[in-house]
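Okay, structure first, notes after.
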Amino acid sequence: MKKPQVAIFTTMTILLLAAACLWLFSGGGLAGPDTGSVIAFKEGGETVSEADLGFIRGFDSATFKATIRSSGQKPAEAEYTGVLLMDLLDGMGISLDGKKQVTVKGADGYAWAISVSEFDEKDIYIAYKMNGELLKPKIKNGDGPFQLVIPGDYFSQRWCKYVCEVEVK
């Protein structure tokens with residue numbers, strides 16, 4: 001090859017490799033809610049089960065409205081679809097008898113503890129859709145693929161995005 005052809009070939013190869021790397025690191029279409037995103041369910045510090053979107057959608061889902069109140073933004077009502085967290089725990093064979101709290105953790109490090117007594121008072125959901133669309137993962141500027149939503153929580157402070165773990169203590 002002549003020098004100009006080698007330079008063009010090398011430049012094109014580098015550009016192609018750079019584009020491939022950007023595609024992979026931006027999710028590459030592989031990090032969606034149907035491709036391995038799971039919630040680990042723990043009891044006493046041990047993982048007892050995991051649930052992916054397919055498993056969660058096997059439970060009775062509910063569609064409900066909740067108001068998102070985020071600092072610096074006007075409140076906005078959204079329609080969510082999800083499964084009651086209590087139903088998921090039951091489906092995993094995890095009992096709340098004798099337990100004090102359930103901690104829900106997000107992939108961003110945020111965690112929220114819910115008193116066991118609140119399960120009798122409030123609907124507490126693991127949502128996977130908002131306004132009819134699957135929740136996107138953080139890497140795609142979403143709030144999912146799973147989000148803890150407590151519709152009666154006035155300030156939506158106790159909601160948890162990117163849910164990846166539920167631990168019963």
Report yes or no: does [X] contribute a side-chain atom to a donor-acceptor pair with the main-chain N or O of [Y] at less than 3.5 Å?
X	Y	answer
Trp112	Cys160	no
Ser95	Asp97	yes
Asp153	Gln157	yes
Glu133	Met130	no

Measuring only between side-chain heavy atoms, which start at C-beta, is Val166 closer than 4.5 Å to Thr103?
no

Would a line drawn from the ring center of Trp159 to the ring center of Tyr110 be shorter than 6.0 Å?
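No, the ring centres sit 6.0 Å or more apart.
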
Give, for atom [atom1] of [X] and atom [atom2] of [Y], the distance between the pair rounded to the nearest 0.5 Å.
X	Y	atom1	atom2	result
Phe41	Leu89	CZ	CG	6.0 Å
Gln101	Glu118	CD	CD	10.5 Å
Ile124	Leu85	CD1	CG	6.5 Å

By side-chain contact (heavy atoms from CB on, under 4.5 Å), which residues pair with [X], not counting sequence neighbours?
X	result
Lys65	Glu77, Glu79
Lys100	none
Ile56	Ile39, Ala51, Val83, Leu88, Tyr128, Phe146

Could you go through Ser61 and Thr81, starting from their C-alpha distance and side-chain angles, then the distance that decides it, and tell me whether this counts as side chain to side chain donor-acceptor pair (under 3.5 Å)?
CA-CA 7 Å; Ser61 295; Thr81 300; over 6 Å; no

Could you check whether Glu43 pairs with Lys169 (Lys NZ or Arg NE/NH1/NH2 to Asp/Glu carboxylate O, under 4.0 Å)?
no

Pair Glu167 + Lys42, salt bridge at N-O below 4.0 Å:
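No.
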
